Amino acid sequence: MSPFYAAGILLGRAFYNRDVVQVARDLLGCLLVRDSREGLTAGIIVEVEAYLAQGDPANHAFRGPTRKNASMFGPPGHAYVYPIHSRFCLNVVTEPEGVPSAVLIRAIEPTEGIELMRRRRKARSGSQEVADLDLARGPARVCEAFAIDRALDGWDLTSGRVSWIEGRSDAAARHNSSVVVTTRVGVTAAADLPLRFYLSDSPFVSRRA
DNA sequence: CTGAGGATAGTCT
DNA sequence: GACTATCCTCAGA
């Protein structure tokens, strides 16, 4: 297996500097970590979507660079965080600098800091208790549970500080019996492209095919 | 389970 | 000022 995948090892620039679909598939089972003043949260990535640099009108960079999508044109391994409907979504930039492709993190299975995630999600949903299965099921919920907002737009995820991603764990690999491929959620353009990937046996996936 | 409605930053006219 | 959007929640069937 590629050294990219080593469990507990920080994913470096080379991991992200590859074809966006390949990176998307390889991110399944990896560990997203967020270190904040409130504490540490982490979880296994179970669902992602790819946004292509070419021929993909659903990509925010489809019509060229703007202030909003600037991070997508930056180096691979940086975060692209953008606001939507009063919430945020986290993408990971892939392929060489100047090529605006990215992977949307759509759902995570929490493994560390679960109590902190419960507090954050509860606070954001009108003090209603949030089921553990729903803590990070959906891209905006991921950002709420992990306290990711616009301040992290452009952040270098290979720095190993504040927020980063580690290679696939053995436990996740065992669970990763198969990957399901479907069309992307919530996009109206290029709605037929098979660019959503999730772990088939994870109950933390946002929507099943 | 599905569908309607809330809600806000960025972009365009 | 109007329109769009990589969504979420909840009411109703």
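Bear in mind the structure is a predicted one, so any value in this text is a computation, not a measurement. Below, all heavy atoms of this structure are taken into account, side chains as well, without hydrogens, waters or symmetry copies. So you know, we letter chains A, B, ... as the sequences are listed, proteins then strands, and number each from 1.
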Interatomic distance, [X] [atom1] vs [N] [atom2] [rounded to whole Å]:
X      : N      : atom1 : atom2 : result
A:E129 : C:dC10 : CD    : P     : 13 Å
A:F88  : B:dT8  : CZ    : C1'   : 10 Å
A:Y80  : B:dG10 : OH    : P     : 10 Å
A:I84  : C:dC3  : CD1   : P     : 18 Å
A:D56  : C:dA5  : CG    : C1'   : 15 Å
A:M72  : B:dG10 : CE    : P     : 17 Å
A:R63  : C:dC3  : CZ    : P     : 18 Å
A:N69  : C:dT4  : CG    : C1'   : 15 Å

Both A:V130 and A:E49 contact DNA chain C. Taking the nearest nucleotide for each, which residue is further toward the 5' end? A:E49

Here's a test of your reading of the structure: between A:R121 and A:N91, which maps to the more 5' nucleotide of DNA chain C? A:N91

Whether A:R207 contacts B:dT2 is assessed here as follows: a side-chain N or O lying under 4.0 Å from the phosphate OP1 or OP2. Is that the case? no

Any A:R150 side-chain N or O less than 4.0 Å from OP1/OP2 of B:dG10: yes

Using the rule given for salt bridge (Lys or Arg N to Asp or Glu O under 4.0 Å), can you reason through A:R121 versus A:D134, listing the C-alpha separation, both sets of side-chain angles and the distance that settles it, and then say yes or no? CA-CA 9 Å; A:R121 290 277 288 117; A:D134 293 336; over 6 Å; no

Cation-pi check, A:R184 onto A:Y51 ring (under 6.0 Å, within 45° of axis): yes

Walk me through it: do A:R161 and A:D35 pass the test salt bridge (Lys or Arg N to Asp or Glu O under 4.0 Å)? CA-CA 7 Å; A:R161 306 169 28 240; A:D35 194 11; over 6 Å; no

Answer for the Watson-Crick or wobble partner of B:dA7, both distances under 3.5 Å, is none

Any base atoms under 4.0 Å from A:A140, or only sugar-phosphate, or nothing? Heavy atoms, all strands. sugar-phosphate

Within a radius of less than 6.0 Å around CZ of A:R13, do more than 12 heavy atoms belonging to other residues, nucleotides or ligands occur? yes

Without hydrogens or angle criteria, can the side chains of A:T41 and A:R34 be said to hold a donor-acceptor pair below 3.5 Å? no

Pair A:R196, A:T182: side-chain N/O donor-acceptor within cut-off below 3.5 Å: yes

Honestly curious: do A:V93 and A:V162 fall in one hydrophobic cluster under the side-chain, below-4.5 Å linking rule? no

Scan nucleotides 4-7 of chain B against the protein and return all N/O pairs shorter than 3.5 Å with their distances rounded to 0.1 Å.
from	atom 1	to	atom 2	distance (Å)
B:dA7	O3'	A:S86	OG	3.4

